[in-house]
Colleague: 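Attaching a single structure in structure tokens format; questions to follow.
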Amino acid sequence: MSRFIFFSFCLSVASAWVVPNKIIRRPYGGCSLKMAIDYNDPLVGEELGKIMPMTYEEVEEELQLSGVRGSPTMNDMDLKLMLEIGR
């Protein structure tokens with residue numbers, strides 16, 4: 001009887017360290033992005049045309065006014081695209 005209790009205890013402790021299968025599995029359909037900006041859209045192109053001549057500091061300032069902070073490792077184009085998405 002004591003072996004059975006010990007064996008049951010060992011199994012319960014071991015199962016506490018196992019991650020259930022449902023957590024590991026990806027949801028059906030994967031993690032693909034459902035929304036994206038269409039850069040061929042004339043309105044997006046027009047807005048991007050307004051952003052392109054802006055300097056790094058101007059883009060950074062406008063992002064900060066809207067509450068978005070860019071990473072220090074981001075380059076000029078990354079910040080401009082982030083601003084385009086924010087507008």
Colleague: With sequence neighbours excluded, tell me which residues meet side-chain contact (heavy atoms from CB on, under 4.5 Å) with Q64.
Modeller: E60
Colleague: Please name all residues satisfying side-chain contact (heavy atoms from CB on, under 4.5 Å) with S71, sequence neighbours left out, ordered by chain then number.
Modeller: T73, M74
Colleague: What I'd like to find out is whether the side chain of E46 reaches to under 4.5 Å of the side chain of K50, using heavy atoms alone.
Modeller: yes
Colleague: Under 4.5 Å between side-chain heavy atoms, counting indirect links through other Ile/Leu/Val/Met/Phe/Trp/Tyr residues: same cluster for M52 and V59 or not?
Modeller: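 Unlinked, M52 and V59 end up in two clusters.
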Colleague: Evaluate the side-chain proximity of L63 to L79: yes if any heavy-atom separation is below 4.5 Å, no if none is.
Modeller: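 L79 reaches L63 side chain to side chain.
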Colleague: CD1/I51 to CE/M82 distance, rounded to the nearest 0.5 angstrom?
Modeller: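 I51 atom CD1 to M82 atom CE measures 12.0 Å (nearest 0.5 Å).
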Colleague: Any salt bridge (charged side-chain N to carboxylate O under 4.0 Å, His left out) involving residues 74-83? Give me the pairs, sequence neighbours left out, ordered by first then second residue.
Modeller: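 Matches after skipping sequence neighbours: D76-K80.
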Colleague: For residues M54 and M77: do they belong to one hydrophobic cluster (side chain heavy atoms under 4.5 Å, members Ile, Leu, Val, Met, Phe, Trp, Tyr)?
Modeller: no
Colleague: Please round to the nearest 0.5 Å and tell me the distance separating atom CG of L48 and atom CG of L83.
Modeller: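 Here the interatomic distance stands at 9.5 Å.
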